[in-house]
Amino acid sequence: MNTAAPALGLLLSAKVDTAHGPRLDSLAQAGGVRLQRHRVEAADPGHIDVAFFSRDLYEGSSLRKPGPLSDAFFRVADAAPNLRWLHVCSSGQDLPQYAPTLARGIPVTASTGVTAAPIAQTAVAAILAQSRGFDRWLASQAQRAWQPLTGDARPRDLASMRVVVLGAGAIGQEIGRLCSALGLSTTAVRRRAEPTPGFDTVIGWDQLDDVLPHCDWLVLALPLNASTAGIVGGRQLARLPRGARIVNVARGELVDQAALTHALATGHLAGAYLDTFTEEPLPAASPLWSLPSMWISPHNSAASLGHEDRVVDGFADRFRHWLAAHAAALGAARR
């Protein structure tokens, strides 16, 4: 390693620098590169080659409204003339903060799969709890009413229920696996109808209308893009059987929110668990807050104490591969 050559400049948070800086130095050294770490608050954009938008920098943000830490990071990254690569903590690339980097043609990589386990666990917890009657028990508890579920009000056996998951990426597959372990029938809807771990059956998008009338739980776990926006509208919701329920742990824009609100308010849908909405934070005036059997989390289904470390682990692994892939160019630039 040529210590006289210019260092590779890495933009990162003070928290990640303190906890993981030496580890990143070692990865760079193993790749034959001298690393210079630059904390956001004191960084010179002219010295930045690689930027890591870690989970702690997202604090104070919502999906469409960056917080102060995010703003500070991207003020530096967007002004960095030599930026070669941006790695981000989210599983998608649709946050507005990323748009300038993408517009410049700079590679942006996401932390795909990092949140799969906690998001899937949260989604399946809601499915299990509502399927077993906790929505009604909790409503009775709020009224201090002793109201056992009897007769036809008793919940159906899980083995009689079918879960249809739109999207079979890391999150969708983990939802399928957990639902299968609980005895529910599982169907994945994806671009290619090929066997997929965690699912009893897999169908293509052209078969979605056929499966909806036999669906007890419709789960959205697919990315938002031009082809998926509004994929569940009033017509699709109407094809669900009365009493079906819906889960959205992906993006609010995948669903016609007005049609969903109407389906819940009229009782066509028996309930829902929503983690994401077309406007976030969800306005206080939204009727979704007060609908019965409507469970809401504030785009927080991935919450877990291990989240930040998993994001850093994912970046470290990608950083190692990135250094190997760019070894020749980095060496030439530093001769």
Side-chain angles (χ1 to χ4, degrees), residues 55 58-67 70 88-99 110-111 115-116 118-127 129-130 135 138 163-167 169 171-172 175 189 208 212 215 217-238 240 244-304 307:
R55 183 62 181 81
Y58 185 77
E59 292 297 327
S61 301
S62 62
L63 185 61
R64 303 300 176 206
K65 297 178 182 178
S70 177
V88 301
C89 61
S90 62
S91 59
Q93 298 182 0
D94 57 334
L95 269 67
Q97 301 98 299
Y98 309 158
S111 297
T115 58
I119 289 178
Q121 290 161 8
T122 305
V124 175
I127 291 171
Q130 289 199 20
D135 53 336
L138 291 174
V163 177
V164 175
V165 182
L166 307 189
I171 295 171
I175 291 173
V189 185
L208 175 60
L212 289 176
C215 169
W217 281 96
L218 180 64
V219 181
L220 283 79
L222 68 166
L224 175 66
N225 53 48
S227 63
T228 62
I231 197 164
V232 176
R235 185 176 64 82
Q236 287 78 20
L237 294 171
L240 290 168
R245 300 173 190 251
I246 191 168
V247 168
N248 189 358
V249 289
R251 291 290 186 265
E253 292 87 346
L254 297 170
V255 184
D256 181 333
Q257 191 163 296
L260 175 59
T261 301
H262 178 74
L264 288 162
T266 59
H268 179 69
L269 293 182
Y273 163 56
L274 304 180
D275 184 53
T276 185
F277 306 86
T278 54
E279 182 181 353
E280 296 182 8
L282 182 66
S286 172
L288 289 172
W289 286 109
S290 57
L291 288 173
S293 298
M294 175 71 234
W295 290 5
I296 289 173
S297 57
H299 207 129
N300 202 214
S301 62
S304 66
H307 188 175

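None of the values given here were measured: they were computed from a predicted structure. Basis for what follows: all heavy atoms, side chains included, without hydrogens, waters or symmetry-related copies.
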Minimum heavy-atom distance Leu63-Tyr58, with the two atoms named: N-OH, 3.4 Å
NE2 of His307: more than 12 outside heavy atoms within 6.0 angstrom? yes
Look at the side chain of Thr115 and the backbone N and O of Ala302, then say whether any donor-acceptor pair between them is shorter than 3.5 Å. no
Check the pair Ser301 / Tyr273 against side chain to side chain donor-acceptor pair (under 3.5 Å), numbers first and verdict last. CA-CA 10 Å; Ser301 62; Tyr273 163 56; 4.5 Å; no
Could you report the tightest heavy-atom contact between Gly92 and Tyr98, atom names first, then the distance? O-CE1, 3.6 Å
So, taking the atom named CD in Glu253 and the one named CZ in Arg64, what distance separates them when rounded to the nearest 0.5 Å? 5.0 Å
Indicate the atoms forming the closest heavy-atom contact of Gln257 with Thr278, along with that distance. OE1-N, 3.1 Å
All heavy atoms of Thr261 vs all of Pro287, minimum pair found to be CG2-CG, 3.6 Å
Does Asp256 use its side chain to pair, donor to acceptor, with the backbone of Ala259 at less than 3.5 Å? yes
Would you say the side-chain atoms of Gln236 pair up with the backbone N or O of Gly233, donor to acceptor, closer than 3.5 Å? yes
Expected list for residues 220-230: side-chain donor-acceptor pairs under 3.5 angstrom, two or more places apart:
from	atom 1	to	atom 2	distance (Å)
Asn225	OD1	Ser227	N	3.0
Asn225	OD1	Ser227	OG	2.7
Asn225	OD1	Thr228	N	3.0
Asn225	OD1	Thr228	OG1	3.3
Thr228	OG1	Pro223	O	2.8
Thr228	OG1	Asn225	N	2.9
Thr228	OG1	Asn225	O	3.4

I'd like to know if Arg251 and Asp275 make a salt bridge, using a cut-off of under 4.0 Å between side-chain N and carboxylate O. no
Taking all non-hydrogen atoms of both residues, which atom of Pro283 and which atom of Trp289 are closest, and how far apart? O-NE1, 2.8 Å
Salt bridge between Asp135 and Arg245, side-chain N to carboxylate O under 4.0 Å? yes
Value rounded to 0.5 Å, distance of CG in Leu237 from NE2 in His268: 7.0 Å
Is it true that a side-chain atom of His299 and a backbone atom of Val249 form a donor plus acceptor pair closer than 3.5 Å? no
With sequence neighbours excluded, what pairs up with Glu59 under the salt bridge (charged side-chain N to carboxylate O under 4.0 Å, His left out) test? Arg55
Kindly say whether Pro66 contributes a backbone atom to a donor-acceptor pair with the side chain of Ser61 at under 3.5 angstrom? no
Closest heavy-atom contact between Ala272 and Leu264? CB-CD2, 4.0 Å
Report the C-alpha distance between Val163 and Val219 in whole Å, list the side-chain angles of each, state the deciding distance to 0.1 Å, and finish with yes or no for side-chain contact (heavy atoms from CB on, under 4.5 Å). CA-CA 7 Å; Val163 177; Val219 181; 3.8 Å; yes
For the pair Ile296 and Phe277, evaluate side-chain contact (heavy atoms from CB on, under 4.5 Å) and give the outcome as yes or no after the intermediate values. CA-CA 10 Å; Ile296 289 173; Phe277 306 86; 3.8 Å; yes
Give, for atom CG of Leu240 and atom CG of Leu212, the distance between the pair rounded to the nearest 0.5 Å. 5.0 Å
Decide whether Ser62 and Glu280 meet the rule of one side-chain donor and one side-chain acceptor closer than 3.5 Å. no
In sequence, state the C-alpha distance, the side-chain angles, and the governing distance for Leu260 and Leu269, and then conclude on side-chain contact (heavy atoms from CB on, under 4.5 Å). CA-CA 8 Å; Leu260 175 59; Leu269 293 182; 3.6 Å; yes
With a 3.5 Å distance limit and no angle check, can you tell me whether Ser286 reaches the backbone of Leu288 through a side-chain donor-acceptor pair? yes
